[in-house]
Amino acid sequence: EPEVTQTPSHQVTQMGQEVILRCVPISNHLYFYWYRQILGQKVEFLVSFYNNEISEKSEIFDDQFSVERPDGSNFTLKIRSTKLEDSAMYFCASSIGTSGGQRKFFGPGTRLTVL
Amino acid sequence: GQNIDQPTEMTATEGAIVQINCTYQTSGFNGLFWYQQHAGEAPTFLSYNVLDGLEEKGRFSSFLSRSKGYSYLLLKELQMKDSASYLCAVRVSNTDKLIFGTGTRLQVFP
């Protein structure tokens, strides 16, 4: 089965630093997402992206966050100035469409630790 | 607001059957998903329901009642590898995002 891949698997950074989390969605998918999961808490939606635009974002996704599809295969999440509370597992997901039960395929995640 | 409730933890014995319940109160409804998540790993898709009734897929089945805002995931012939968290997620109307419950951590004992 095709897979979403993410790099790095772990990222440790100092508070205030910028981080870029990278994802390679499944090749024929058109819709891309970032979710995060703080340790011991629920998975939370951050942003959805389609046709080179943000289609929806949550309250969490403030001005410190941005997403980009710099080429035909990568999808990135940038946090401009990390805070302690940004420590979480960040999951990228993709889907071929949005109708009905089009499922989202999740990547293995990047564990971000902000010190 | 959006609210999805699941039991926090459940235990069961290998070979048994377990039912994990999920209730939701959301602004609109456009489908309910169940995902399995092993510790430190990504959620993996198990099932999708949008109409009332039972969907069966091998050892796993999922049921939905839209009028009651209720779903359950039924796992039969439990195996040790089924020890994981099971996440209920609702897709609300006019949006593509999933709202997740906190997940139910299932432990299967020999």
Side-chain angles (χ1 to χ4, degrees), chain A residues 1-6 9-10 21 23 25-26 29-51 53-61 88-113, chain B residues 1-9 22-24 26-53 55-57 60 62 64 66 71 84-105:
Chain A
E1 188 169 70
E3 292 181 341
V4 175
T5 59
Q6 291 185 242
S9 55
H10 293 90
L21 310 184
C23 168
I26 294 170
H29 284 190
L30 302 175
Y31 296 81
F32 314 116
Y33 314 86
W34 285 100
Y35 285 78
R36 79 170 186 190
Q37 187 176 31
I38 295 170
L39 187 64
Q41 298 187 23
K42 64 176 72 173
V43 176
E44 299 174 291
F45 169 79
L46 291 178
V47 66
S48 57
F49 191 87
Y50 169 71
N51 200 26
E53 287 183 348
I54 290 174
S55 44
E56 190 171 4
K57 60 183 180 179
S58 72
E59 293 172 352
I60 302 167
F61 194 88
M89 185 75 109
Y90 287 80
F91 293 108
C92 173
S94 68
S95 67
I96 197 165
T98 60
S99 61
Q102 293 288 358
R103 61 166 160 144
K104 294 169 178 49
F105 290 74
F106 284 82
T110 293
R111 182 169 297 283
L112 176 66
T113 301
Chain B
Q2 323 284 16
N3 196 40
I4 299 175
D5 288 316
Q6 306 177 235
T8 306
E9 289 194 10
C22 171
T23 58
Y24 61 90
T26 56
S27 53
F29 177 84
N30 197 18
L32 186 144
F33 295 77
W34 284 95
Y35 281 85
Q36 181 191 60
Q37 186 180 29
H38 286 98
E41 297 183 11
T44 54
F45 172 82
L46 290 177
S47 70
Y48 168 74
N49 296 72
V50 68
L51 299 177
D52 289 354
E55 294 283 339
E56 296 186 81
K57 192 187 290 187
F60 293 7
S62 57
L64 176 68
R66 287 172 298 170
S71 173
S85 287
Y86 291 85
L87 314 181
C88 174
V90 171
R91 185 178 167 193
V92 299
S93 302
N94 301 318
T95 179
D96 185 30
K97 68 182 179 186
L98 296 178
I99 309 294
F100 282 85
T102 53
T104 298
R105 185 163 165 255

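What you see below is based on every heavy atom in this structure, not just the backbone, and it leaves out hydrogens, waters and symmetry mates. Just so it is clear: chains get the letters A, B, ... in the order the sequence lines come, proteins before strands, and each one is counted from 1.
Between chain A and the residues B/E41, B/R105, B/Q37, the largest count of heavy-atom pairs under 4.5 Å involves B/Q37. The greatest number of non-hydrogen atom pairs below 4.5 Å with chain A, out of B/D96, B/V50, B/N49, is found for B/D96.
A/Y35 places a side-chain heavy atom less than 4.5 Å from the side chain of B/L98. Looking at B/I99 and A/K42, their side chains never come closer than 4.5 Å, going by heavy atoms from C-beta outward.
Of the two parts of A/Q37, only the side chain, counted from C-beta on, holds a non-hydrogen atom closer than 4.5 Å to a non-hydrogen atom of chain B. Both the backbone and the side chain of B/T95 come within contact range of chain A, each with at least one heavy atom under 4.5 Å from a heavy atom of that chain. Heavy atoms of B/L87 lying under 4.5 Å from chain A belong exclusively to its side chain.
A/Q41 and B/T102 form no side-chain donor-acceptor contact under 3.5 Å, judged by distance and modelled atom types alone.
Within 6.0 Å of atom CD in A/E3, 12 or fewer heavy atoms from other residues, nucleotides or ligands are found, so the atom counts as exposed in its surroundings.
Atoms CZ and OH, on A/R103 and B/Y48 in that order, are 13.5 Å from each other to the nearest 0.5 Å. One finds the OG atom of A/S58 at 7.0 Å from the NZ atom of B/K97 (value rounded to the nearest 0.5 Å).
Residues B/A42 and A/F91 share a closest heavy-atom pair of CA-CE2, 3.5 Å.
Between A/F106 and B/Y35, the distance separating the two ring centers is shorter than 6.0 angstrom.
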